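Here is the structure we will look at.
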Amino acid sequence: MVRGPKKHLKRLNAPKHWMLDKLGGIFAPKPSAGPHKTRECLPLILLLRNRLKYALTGKEVTSILMQRLVEVDGKVRTDRTYPVGFMDVVDIPKTDEHFRVVYDAKGRFVVHRITKEEASYKLCKVKRLAFGKGGVPHIGTHDGRTIRYPDPEIKVNDTVMLDLESGKIKDFIKFDVGNLAMCTGGHNNGRVGTIVHKEKHKGSFDIVHIKDAAGHTFATRMTNVFVIGKGDKPMISLPKGKGIRQSILQEQAKIYGKTA
């Protein structure tokens, strides 16, 4: 009789966006339980070894983390399978480097280098709004935080700008037509554009239509939309490509020159 959750993860079963090679072993690091879902995160070991190339082996990753050199969202993390997810800030104070984990235009996690000023805050999507004991209002965010006494204007699906040092809300962005948003799931994962139209479907999924900077319009579920800026100005720096997905022909032309 099996008891409890699975402790292993096979290589072929690991999320595609981790970009692990098929023949690099049988197993993959199984993310610990944490603020992000197993299939929507990047374990610290992959971030340090496969993306940033600070280590060659898992043992080296452990020795880096055990020296308490890596911080996630301002807190030292020593668990090598700690799940780092969308919008998380990874700091390495010794080298004075700061990274934010975001999606590229193809929906893969990219460890995007940012400035020290930008590393002091993160954006969180409001997942729920409720009243606790004694009628205290609180919101729950996409990364498992509970923030008490939010601004009464903040509603579900809005985005809050969180100061990582104090854990307080500095600013918020409404989930409104005309604001800049990024897709965090589905076929359009990683694409960035302006919200054009919202559709309500009773008993089904609400749909949001988004138009990117290149003029392409696409639709996705409301749950997959993460507002990242007021108007067309993003509150975080975007990785290469600025969230505009190119067609296969455009990518080909970019690689092989305009003559292809």
Side-chain angles (χ1 to χ4, degrees), residues 1-92 99-104 106-112 122-128 130 139-147 156 182-190 205 220-226:
M1 181 177 156
V2 289
R3 287 169 186 272
K6 289 193 173 77
K7 294 200 182 331
H8 291 74
L9 178 66
K10 289 278 178 81
R11 196 78 160 194
L12 294 178
N13 224 5
K16 240 337 156 281
H17 58 74
W18 287 5
M19 296 192 285
L20 296 175
D21 42 355
K22 199 162 61 173
L23 304 174
I26 296 186
F27 294 101
K30 172 144 175 94
S32 308
H36 297 277
K37 294 180 178 178
T38 297
R39 305 196 75 82
E40 292 168 15
C41 74
L42 196 64
L44 261 182
I45 179 171
L46 294 184
L47 192 132
L48 289 172
R49 184 184 65 188
N50 298 29
R51 300 298 167 91
L52 297 179
K53 307 279 194 284
Y54 273 132
L56 293 171
T57 61
K59 207 168 185 182
E60 287 180 12
V61 172
T62 307
S63 62
I64 290 170
L65 293 175
M66 285 308 171
Q67 290 173 57
R68 304 180 74 78
L69 297 175
V70 179
E71 295 176 1
V72 179
D73 285 349
K75 283 199 170 70
V76 173
R77 299 290 178 192
T78 55
D79 174 13
R80 68 185 200 170
T81 53
Y82 181 82
V84 179
F86 184 60
M87 284 290 165
D88 283 1
V89 175
V90 179
D91 298 309
I92 306 172
F99 305 95
R100 191 186 300 281
V101 176
V102 283
Y103 292 111
D104 68 359
K106 289 191 173 181
R108 301 173 300 207
F109 271 128
V110 55
V111 185
H112 176 56
K122 71 182 288 192
L123 300 182
C124 299
K125 180 176 175 174
V126 179
K127 285 284 191 188
R128 60 194 171 83
I139 56 170
T141 63
H142 81 285
D143 59 347
R145 292 168 195 265
T146 303
I147 305 166
V156 174
M182 185 184 240
C183 282
T184 57
H187 182 68
N188 294 307
N189 197 357
F205 297 100
T220 187
R221 290 180 183 177
M222 198 176 271
T223 48
N224 293 337
V225 179
F226 192 117

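One-based numbering along the sequence shown. This is a predicted model, so every value here is computed, not measured.
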>> Measuring from atom CG of N189 to atom CZ of F109, what distance do you get when rounded to the nearest 0.5 angstrom?
In response: 8.0 Å

> What is the minimum heavy-atom distance between P83 and P35, and which atoms define it?
Replying inline: CG-CD, 4.1 Å

>> Quick one, V84 and H36 - any side-chain contact, counting heavy atoms below 4.5 Å?
In response: no

> For G185 and T220, which heavy atoms make the closest approach, and how far apart are they?
Replying inline: O-OG1, 4.3 Å

> Of the non-hydrogen atoms in R11 and K22, which two are nearest, and what is the gap between them?
Replying inline: CG-O, 4.1 Å

> Which pair of non-hydrogen atoms, one from V76 and one from E71, has the smallest distance, and what is that distance?
Replying inline: CG2-CG, 3.9 Å

> Is it true that D104 and K106 make a salt bridge, defined as a side-chain N closer than 4.0 Å to a carboxylate O?
Replying inline: no

> Between I64 and I92, is a side-chain contact (heavy atoms from CB on, under 4.5 Å) present by the stated rule, with each step listed?
Replying inline: CA-CA 10 Å; I64 290 170; I92 306 172; over 6 Å; no

> If you measure from the Lys or Arg side-chain nitrogens to the Asp or Glu carboxylate oxygens, is any gap between D88 and R77 under 4.0 Å?
Replying inline: no

> Out of curiosity, Y54 OH to L47 CG, how far, rounded to the nearest 0.5 Å?
Replying inline: 10.5 Å

> What are the two closest non-hydrogen atoms of G74 and D91, and how far apart are they?
Replying inline: N-OD2, 4.2 Å

>> Are the side chains of V70 and V90 in contact, using a 4.5 Å heavy-atom criterion?
In response: yes

>> How long is the straight-line distance from OG1 of T62 back to CZ of R80, given to the nearest 0.5 Å?
In response: 4.0 Å

> Checking side-chain contact (heavy atoms from CB on, under 4.5 Å) for the pair F27/K10: CA distance, chi angles, key distance, verdict?
Replying inline: CA-CA 4 Å; F27 294 101; K10 289 278 178 81; 3.6 Å; yes

>> I need the minimum non-hydrogen distance between W18 and L42, along with the two atoms involved.
In response: CD1-CD1, 3.7 Å

>> Can a donor-acceptor pair be found, under 3.5 Å and without considering hydrogens, that links the side chain of D73 to the backbone of V89?
In response: yes

> Does V225 offer a backbone N or O that forms a donor-acceptor pair with the side chain of K125 under 3.5 Å?
Replying inline: yes

>> Parallel, tilted or perpendicular: which one describes the rings of Y103 and H17, with boundaries at 30° and 60°?
In response: perpendicular

> Any donor and acceptor pair, going by atom type alone, linking the side chain of H142 with main-chain N or O of F226 inside 3.5 Å?
Replying inline: no

>> Quick one, F86 and D143 - any side-chain contact, counting heavy atoms below 4.5 Å?
In response: no

> Measuring from L44:CG to R49:CZ, what's the distance to the nearest 0.5 Å?
Replying inline: 12.0 Å

> Rounded to the nearest 0.5 Å, how far apart are CD1 of I26 and CG of L12?
Replying inline: 10.0 Å

>> Does S32 form a side chain to side chain donor-acceptor pair (under 3.5 Å) with D79? I'd like the steps, not just the answer.
In response: CA-CA 8 Å; S32 308; D79 174 13; 2.5 Å; yes

>> Quick check for you: to the nearest 0.5 Å, what is the distance between I147 atom CD1 and C124 atom SG?
In response: 6.0 Å

